[in-house]
Structure formats: C-alpha cells, structure tokens
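This report refers to the structure that appears directly beneath it.
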Amino acid sequence: MFFLRYYFWIAPHVLLGIVLIGLNRRRLLSQLPFFFSYSAFEIVRFAALLTINLLPSFSKGQYHWILVLGLGASILLQFGVIYELTSELFVSRSLATALNPVLRWTAAALLLVGTAVSARLAVLGGDRVVNLFHLLDLSSSVILTGLLLVLFLFTRVLQISWRSPVVGVALGFGIFAAVDVATAGFHPAIGSNASITVDLFQMAAYHVCVLVWITYLFLPEKAPVFIGRGLQEQDIELWNQELQKMVQR
Amino acid sequence: MMIPLIFAVLGLLALALMLYFAKGRRRNGGDLDQLALQLKPIDINAFRNLIDEREEEFLRRNLPSSEFRSIQRKRKLAAVDYIWCAAQNAAILIRLGEAAKQDPDPAVSAAADKLLDNALRLRLYAFQVVPRLYLGLLFPGASLAPYFVADSYDAINRQAVMLGCLQHSAREMSSAS
C-alpha cells in the first residue's frame, strides 16, 4: 500500500513533464497556455509538497496549508483550461457568445450544489484545513465535471468535431474530475484512515488522466480523408448567403 | 452515507456520459457525395403556411376552439418535423464545410469557415425553437404565442429560405454525382 501511494503520487507528476514536452513538440503552447501553465504548476506543487513532506522541520499543519493554497491555485488554472477548451471548440465567436451564458449559469448552479454538499459532508470538530481542502476539492470537481459534460453535450448536439489534443485534454480532465466527484464524498464520511483507499482511487484516476493526455499528444493525428466532389466555392458562397440571412437576428 | 453514495453514482454516470459523447467526436472523413445526398428536400410553401401567424389567426376565428386546438397541435408537430429536418441538413452542411475547410484555396477555406459558423448557429437556433414549439403544444393559449412569433417567426421564415436553397442544392449535387 505504501509503495502504491508513493507510486501514484510521484508517477503522474513525472509524466506531466512528458506532457509539457508533448505540448512543446506539437507547438500547442500558444493555443493551450492555461493547460501548459497548469501542467507546469502541478509539477512545481508536487515538488514543493514532496520536499515539505520529507523535511522534518515542517509541521503537518504547514503541509496542509500549502496543500490547500496549492489546490486553490490549481483550481483557478483548471477553470482557465475550461475557458481555453471552450474557445478551441467553439471557434465561432458568435457561437461562443451564445453558449457563454449557459456555461456561466451551469457553473453558478454547480457551485451552489458543490458548496452545499461539501458543507453538509464536513466533519464537525475535524481539522479545519483538511475540511477546507475537501470542500474545495469536491466543489471544484463538481463544477469541472458539470462544465465538461455541458461542453461534451454541446459538441454532440452541434456535431462539432474535436481536434485530437483538445479531445485528449477534455477527456483527461473529465475522467479525473468525475472520479473525484464519485469518491470525494467518502473522505469525511469514513474517517481519515480508511480514506487512504479513496485517495488511492483519486490518484489512480489522475494517473489515467495524465496517460490520456500523453496518448493524445504523442499519437500521430490522422488527417480525415474525404472522397467525392463536396462543396465548390460557388456552393459555399450560396450557402453562406442563405445561412447568414437566416441566422441574423 | 446517502449523499456520498448519490455523488458516487452521479460521478460514474458523468464519466460514462463523457466517454460516450467523446466517442466518435474526432474528425472523420467520408464520402461527400453520399453526405450531400442525405440532404432532405423540404416543401417550403407548406412550412411557411404552418408558421404563418395570419393563417393561425384565420383558423382561430373560423374553427370551433376544440377543433382549432387539435389542428394547431398537428401544425406545430409538423413544424417541429421541418425544423428537425433543417437541423439535420445543417449537421450535414457542417461536415461538408469541414471538408471544404481543407481546400488549399484560401478563398474556399475562408468561405467554408463562414458556412460552418452559420450552420452551427442554425443548429443552435433549431434546438432553441423546438422546445418552444413543444411548450406551445402543452400550453396552447395565447401567452406563448408572442414569444414564439416575435422571437422565432422571423428566424423560421429565414430558415424556410435556407431550406429551399438546401433542396435546390441537394438536387444539384445529386445530378452532379
């Protein structure tokens, strides 16, 4: 169990280094700056926490505070990634404008649900910092899962094709956030010793998430092959004119 | 213990849904001529008649209220069919537009971009209008009519123009292949 915990703690963060290399190799830094910053920050956060964990001069309380502050910053970056994915998916500005209110309201509703449930699950008399950590963790995972679900739903409904690395980023976050939602509730309910199992589930999900990112970043993207005549320039112009007439309000 | 269990089920359900939605959303190729053949012809005049406010008013005045409600219901269901058809045509246009975006000619690629934008917006509007029509079925009173008519009448009329164009182009594409 001890080995497994350390493996799931260390391995994903080492693999995040490969994600950074992949992003650089595919020249995605300018397209996904938040995702790049998130990956780099997670590595730094891990290095800081590992150092504090190993050095005896730091107390458990200090470790917890740095854990919570790091999580707060990480959550902000994760929402930046969602913003990035939205802009990447809905290249059309007008479409993004139409969908933004939906995403805002979804986020607001999920924030309420997440906070209410986290507050309900908080252990009375427990460590306040640990409770704060679980509250932040569960609330952010609920919001992230909901927003990603809405994004996936819209791409399905609107028949938008995803570019390969963007699918990978969204899917990785989706797996990680959904498993977090599924397991985070058990943390305070079953006590700190038994919650090691929950931790393991979450860390394993993060490992899978990083592996998904690596797979999508390093697997060669197949260019779609179309056969047939398709639309010619004059057809496209004609469609544009007619569609524009129709969608202008 | 109940809330964590509910969250466990919701989390797993969300995961399954995301995997399902993500499946097949990568760019795929395909036969463009086959796609163009899938564009469905629509009777524009009949559609215009279905959403005509004056026609509705005429029916309201001349028919007993129960008969009017029954006919309105059928008219709205038929309008929903037309709108779904327009949305499906827009989905095909999105794929055709994506293919055209790969064209080496920058003019074609730029035009395809605009086409994609408009087709996506049409699909979004279609998904906004259909629930309103269904709501109109549930509440056939006048209260919903202004929303539907004021907001969507214009857009649907323009849809009709577009659908006529779709019909025309589908025929052209079929004869070309």
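The chains referred to below are lettered A, B, ... by the order of the sequence lines, with proteins before strands, and numbering in each begins at 1.
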For residues [X] and [Y], report the shortest heavy-atom separation together with the two atoms involved.
| X | Y | value |
| --- | --- | --- |
| A:Leu171 | B:Ala22 | CD1-CB, 3.7 Å |
| A:Leu158 | B:Ile94 | O-CD1, 3.2 Å |
| A:Ala178 | B:Leu15 | CB-CB, 3.7 Å |

Using a 4.5 Å cut-off on heavy atoms from C-beta on, say whether the side chain of [Y] contacts that of [X].
| X | Y | result |
| --- | --- | --- |
| A:Leu138 | B:Phe7 | yes |
| B:Leu17 | A:Phe152 | no |
| B:Phe127 | A:Val157 | yes |
| A:Thr145 | B:Met18 | yes |

For A:Phe176, all residues meeting ring pair (Phe, Tyr, Trp, His ring centres under 6.0 Å), sequence neighbours excluded: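 Residues passing ring pair (Phe, Tyr, Trp, His ring centres under 6.0 Å) with A:Phe176: A:Tyr206.
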For A:Trp105, what residues pass the ring pair (Phe, Tyr, Trp, His ring centres under 6.0 Å) criterion, not counting sequence neighbours?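 For A:Trp105, no residue satisfies ring pair (Phe, Tyr, Trp, His ring centres under 6.0 Å) once neighbours in sequence are set aside.
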Check each atom of A:Val179 against the heavy atoms of chain B and say whether the ones under 4.5 Å are side chain, backbone, both or neither.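 It is the side chain, since no backbone atom gets that close.
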Would one find more than 12 heavy atoms of other residues, nucleotides or ligands at under 6.0 Å from atom CZ of A:Phe8?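 Correct, the count exceeds 12.
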Under 4.5 Å from any heavy atom of chain A - which part of B:Leu5: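 For B:Leu5, backbone and side chain are both near chain A.
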Nearest 0.5 angstrom please: B:Phe21 CZ to A:Leu148 CG, how far?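 Answer rounded to 0.5 Å: 12.5 Å.
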